[in-house]
Amino acid sequence: MTRKWSPRLLIKQPGRLIVQYVSFVLLFYPTAYQPGEACATVAEEGGTSAATLILCRACGHELAHGTDIHFVPSRLALSSRNDTLVEGRRVNIQLFENPHGHQFEVITFRKADVTQHWPADKHFSWFPGFSWTVATCPRCKTHLGWAFQPSDWPDTITKTNFDESEHTFLALITHRLLREDFASSLLMTPKSFMS
């Protein structure tokens with residue numbers, strides 16, 4: 001049995017159309033979903049500049065700019081790799097493992113619009129001399145990574161103190177981030193909206 005397509009059918013079943021579109025994109029553009037790749041590396045057809053916005057992959061909230069990326073090395077990283085972005089900008093991605101055996105690739109940022117959940121914990125820190133606290137998206141509450149502050153600071157500080165200090169940073173999980181220019185390349189504008 002074949003079904004005729006009509007505008008009325010598309011209006012009644014928008015969810016089905018969206019699922020078909022996403023399936024099409026993932027089938028014919030397998031690089032559309034590769035954890036870490038969408039945020040950290042350059043797609044062969046384009047690239048990113050240092051001013052590119054970094055978004056929450058779950059909800060699209062604007063978290064940071066490319067200029068906020070700041071490499072903080074750790075001797076506890078299982079591995080470290082560089083990805084080169086357009087204009088020679090390099091991003092260092094480090095791989096860490098928590099005590100439960102879960103591994104995370106992270107990019108360190110000087111600042112980002114995230115919610116920190118104090119008090120900070122001094123145990124099992126991936127960056128010696130720093131305490132950590134969980135960092136989540138302020139919009140959808142997705143766990144994005146961790147915020148780090150010097151261990152000799154009080155366990156609970158204000159967001160203002162954290163943001164204004166040069167001694168604090170964030171380690172955000174690469175596959176939970178998305179570059180704005182990459183996200184824009186996935187969107188399709190109907191011909192009727194183009195002038």
Hydrophobic cluster membership, with links at side-chain heavy-atom distances under 4.5 Å among I/L/V/M/F/W/Y: are L63 and F109 in one?
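Same cluster.
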I'd like to know if F169 and I157 are part of one continuous hydrophobic network [Ile/Leu/Val/Met/Phe/Trp/Tyr, side-chain heavy atoms within less than 4.5 Å].
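No, no single cluster joins them.
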Just say parallel, tilted or perpendicular for the rings of F130 and F127, cut-offs at 30° and 60°.
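Aromatic pair F130/F127 classed perpendicular.
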From [X] [atom1] over to [Y] [atom2], what is the distance, rounded to the nearest 0.5 angstrom?
X: R110; Y: S165; atom1: CZ; atom2: OG; answer: 8.0 Å
X: D113; Y: L55; atom1: CG; atom2: CG; answer: 11.5 Å
X: T108; Y: N92; atom1: OG1; atom2: CG; answer: 7.0 Å
X: L144; Y: I173; atom1: CG; atom2: CD1; answer: 7.0 Å
X: F162; Y: L170; atom1: CZ; atom2: CG; answer: 4.5 Å

Using only heavy-atom distances, determine whether the side chains of H123 and D121 contain a donor-acceptor pair under 3.5 Å.
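There is such a pair between these side chains.
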Mind checking ring pair (Phe, Tyr, Trp, His ring centres under 6.0 Å) for H61 and listing every partner two or more places apart, or none if nothing turns up?
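Scan of H61 (ring pair (Phe, Tyr, Trp, His ring centres under 6.0 Å), adjacent residues dropped) gives none.
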Locate the shortest heavy-atom distance separating [X] from [Y]; write the atom from each residue and the value.
X: T136; Y: V134; value: CG2-CG1, 4.0 Å
X: G60; Y: R139; value: C-NH1, 4.1 Å
X: K111; Y: D68; value: CE-OD1, 3.1 Å
X: H143; Y: A135; value: CD2-O, 3.6 Å
X: L172; Y: A112; value: CD1-CB, 4.1 Å
X: Q149; Y: D155; value: NE2-O, 3.9 Å

Does NE2 belonging to H167 count more than 12 external heavy atoms closer than 6.0 Å?
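Open: at most 12 neighbouring heavy atoms sit under 6.0 Å from NE2 of H167.
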Would you indicate whether E166, at its atom CD, is surrounded by more than 12 heavy atoms from other residues, nucleotides or ligands within a distance under 6.0 Å?
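No, CD of E166 has 12 or fewer neighbouring heavy atoms, counting only those of other groups under 6.0 Å.
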Side chain proximity check, [X] to [Y], heavy atoms < 4.5 angstrom:
X: C56; Y: C140; result: yes
X: I93; Y: I107; result: yes
X: P150; Y: T168; result: yes
X: W153; Y: S131; result: no
X: L95; Y: E105; result: yes

Backbone of [Y] reached by a side-chain donor or acceptor of [X] within 3.5 Å:
X: S74; Y: W126; value: yes
X: S151; Y: K122; value: no
X: R176; Y: T142; value: no
X: Q94; Y: V72; value: yes

Does the pair T52 and H65 meet the rule for a side-chain contact (heavy atoms from CB on, under 4.5 Å), with working shown?
CA-CA 6 Å; T52 296; H65 292 275; over 6 Å; no
Please confirm whether the ring centroid of F96 lies under 6.0 Å from the ring centroid of W146.
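No, ring centres 6.0 Å or more apart.
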Determine whether I54 and R179 satisfy the following criterion, side-chain contact (heavy atoms from CB on, under 4.5 Å), listing intermediate values before the conclusion.
CA-CA 5 Å; I54 306 297; R179 283 191 338 242; 4.3 Å; yes
